[in-house]
Student: 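Please find one structure pasted underneath; my questions will follow.
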2 protein chains.
Amino acid sequence: MVRASQTDAAVLGALTTGPMSGYAVRAAIRDVLGHFWSESYGQIYPTLRSLEQSGLVDRREPDGAFAITASGRERLLELLSAPARVEPARNGLLLRLFFGEVLGAPACRALLVEARDRAREQLDRYEAIEAGIATEPEHASRAPYWRITLGAGRHGALATIAWAEESLRALEEQP
Amino acid sequence: MVRASQTDAAVLGALTTGPMSGYAVRAAIRDVLGHFWSESYGQIYPTLRSLEQSGLVDRREPDGAFAITASGRERLLELLSAPARVEPARNGLLLRLFFGEVLGAPACRALLVEARDRAREQLDRYEAIEAGIATEPEHASRAPYWRITLGAGRHGALATIAWAEESLRALEEQP
DNA sequence: TCCGTCATGTAATATGTTACATGATTAG
DNA sequence: CTAATCATGTAACATATTACATGACGGA
């Protein structure tokens with residue numbers, strides 16, 4: 001395997017919904033995969049070019065839109081089957097809280113409140129999206145998987161809210 | 001602000017527990033901050049040198065151990081007070097599950113089982129560490145903050161377990 | 001003596017973002 | 001007409017990992 005790029009997988013995956021421009025690929029990744037994935041232009045255009053050179057993607061004639069080829073679909077399956085790259089753990093919020101004695105209790109409380117409120121907003125968003133999926137019967141076979149990723153967001157947000165509230169209570173009992 | 005590096009913060013933070021070698025800084029970050037932070041040698045040694053040149057760290061005479069200076073402590077507070085850098089979202093597991101129709105239901109089930117089992121193991125580890133904190137009275141003033149970061153791990157692991165089980169049940173109902 | 005760990009470091013490589021340039025097309 | 005959006009792209013920069021080199025030191 002030359003390069004097991006998850007960026008390749010995200011771009012090829014986006015193209016399984018139909019041919020589109022690089023600009024639209026970026027918009028799809030931002031709007032559809034946004035809560036668990038991101039790519040910048042600086043990645044997407046070079047990736048599309050390299051996919052085209054490998055014959056995994058070609059450009060539709062009239063409008064120049066990128067379309068996934070049959071071998072592109074094979075490659076996507078191969079990439080999705082490969083083990084996920086382990087991202088190095090890097091949680092700036094927890095880093096700050098771990099050194100909370102240095103940072104001070106009031107600043108830590110503010111961080112927790114902010115994290116809780118952001119999680120509440122996300123929760124609302126996930127529930128709105130979930131309601132929207134039911135109204136799109138044309139994607140019935142994909143909907144269960146979309147619900148699974150939304151479920152991850154929902155459970156994660158709920159966990160963040162519960163954790164932040166528990167931690168705020170614990171800090172109350174300190175001076 | 002020249003550079004609001006979270007790596008600087010992690011290294012300076014590690015040194016607040018006492019002077020140590022670069023090797024030991026790396027071990028401390030791996031063993032103590034491991035569940036939410038990581039740094040490699042390739043980052044730590046250059047960082048220590050640049051911190052030394054800025055007078056935020058100096059080398060203790062007999063053994064050459066790195067020690068945080070008074071201005072290093074100021075700088076740490078400044079770094080911890082800065083907003084956390086938003087890491088680009090990149091969850092390889094969710095990327096695979098989102099395109100679960102391409103990947104196939106059996107492979108998705110396997111991913112979910114693996115995620116659930118890993119979360120269970122982590123949960124055990126967090127609980128063991130939490131039990132250990134109580135037995136170290138010399139760090140009483142830091143213990144509440146350590147418990148907060150452990151709580152994040154515990155809630156996150158519980159959320160992952162609940163999500164994976166819910167998702168596995170949902171996939172059962174599909175063909 | 002030999003192995004494992006401690007210790008310091010660097011070069012090559014990978015990855016990715018940001019900011020900018022450029023121009024077409026479309027909506028108001 | 002003009003502003004916004006669509007569209008393609010790149011150069012500079014930032015960040016980080018991996019793999020390797022080097023050597024000391026202590027214990028079996």
Side-chain angles (χ1 to χ4, degrees), chain A residues 1-11 14-15 18-31 33-34 36-53 57-60 62-67 79 82-92 95, chain B residues 1-11 14-15 18-31 33-34 36-53 57-60 62-67 79 82-92 95:
Chain A
M1 196 174 307
V2 181
R3 198 175 78 124
S5 161
Q6 298 192 141
T7 294
D8 289 8
V11 170
L15 290 177
M20 63 183 83
S21 69
Y23 188 87
V25 167
R26 200 258 186 171
I29 289 175
R30 186 193 53 208
D31 300 338
L33 314 183
F36 61 82
W37 203 262
S38 70
E39 297 289 350
S40 60
Y41 283 130
Q43 290 283 99
I44 287 174
Y45 283 109
T47 295
L48 280 169
R49 204 175 353 165
S50 99
L51 290 174
E52 194 185 356
Q53 282 168 0
V57 149
D58 56 18
R59 307 197 73 159
R60 252 185 9 183
D63 53 1
F66 296 95
L79 290 171
R85 234 192 73 190
V86 278
E87 295 289 314
R90 277 246 163 79
N91 187 319
L95 184 68
Chain B
M1 194 174 308
V2 183
R3 200 175 77 124
S5 161
Q6 298 192 141
T7 294
D8 288 9
V11 170
L15 290 176
M20 63 183 83
S21 68
Y23 188 87
V25 168
R26 201 260 186 168
I29 289 175
R30 187 193 52 206
D31 299 339
L33 313 183
F36 59 84
W37 204 262
S38 69
E39 296 291 350
S40 60
Y41 283 130
Q43 290 284 98
I44 288 174
Y45 283 108
T47 295
L48 280 169
R49 206 174 353 164
S50 100
L51 290 174
E52 194 184 357
Q53 282 168 0
V57 148
D58 56 18
R59 306 198 73 158
R60 253 186 7 184
D63 54 1
F66 296 94
L79 290 172
R85 233 191 74 190
V86 278
E87 296 288 317
R90 276 247 164 78
N91 187 320
L95 183 68

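Chain identifiers are assigned alphabetically (A, B, ...) following the order of the sequence lines, protein sequences preceding nucleic acid strands; residue numbering begins at 1 within each chain. In this text the structure is predicted, and so the values were computed from the model without any measurement.
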Student: Which heavy-atom pair separates B:A14 from B:I29 by the least distance, and what is that distance?
Tutor: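 Result for this residue pair: CB-CG1, 4.5 Å.
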Student: Check for me whether A:R59 meets the cation-pi criterion with A:F66, that is, NZ or CZ under 6.0 Å from the six-membered ring centre and within 45 degrees of the ring axis.
Tutor: yes
Student: Would you mind reading off the distance between B:R90 atom CZ and D:dT15 atom P, rounded to a whole angstrom?
Tutor: 16 Å
Student: Quick check against the 3.5 Å criterion: does A:E87 have a side-chain atom that pairs as donor or acceptor with the backbone of B:R90?
Tutor: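 Answer holds: no.
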Student: Whole angstrom is fine here: how far is it from CD in B:Q6 over to C1' in D:dT15?
Tutor: 12 Å
Student: Under 4.0 Å: is that the gap between some side-chain N or O of A:T7 and OP1 or OP2 of C:dG16?
Tutor: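 Result: yes.
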Student: Can you tell me the distance, in whole Å, between the CD atom of B:Q43 and the C1' atom of C:dT15?
Tutor: 13 Å
Student: Given atom CG of A:D31 and atom P of D:dC6, what is their separation to the nearest angstrom?
Tutor: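 One finds 10 Å between P of D:dC6 and CG of A:D31, rounded.
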Student: For the pair made of CD in B:E87 and P in C:dT17, what is the distance, rounded to whole Å?
Tutor: 11 Å
Student: Grab the CZ-P distance between A:R30 and D:dT5 for me, whole Å please.
Tutor: 11 Å
Student: I'd like to know if the side chain of A:R26 reaches the main chain of A:S40, judged simply by a donor and an acceptor atom lying under 3.5 Å from each other, with no hydrogens or angles considered.
Tutor: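 No, the answer is negative, given that no donor and acceptor are paired below the 3.5 Å cut-off.
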Student: Please give, in whole Å, the distance from C:dT17 C1' to A:R26 CZ?
Tutor: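 Rounded to whole Å, this separation is 11 Å.
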Student: Measure across A:Q43 and A:T7 and return the closest heavy-atom pair with its distance rounded to 0.1 Å.
Tutor: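 Looking at all heavy atoms of both residues, the closest pair is NE2-OG1, 3.7 Å.
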Student: Check the distance between D:dT18's C1' and B:I44's CD1 and give it to me in whole angstrom.
Tutor: 14 Å
Student: How would you summarise protein contacts on nucleotides 6-13 of chain C per nucleotide, using B for base, S for sugar-phosphate only and - for none, with heavy-atom distances below 4.0 Å?
Tutor: BBBBS---
Student: Are the side chain of A:Q6 and the backbone of A:R85 linked by a donor-acceptor contact shorter than 3.5 Å?
Tutor: yes
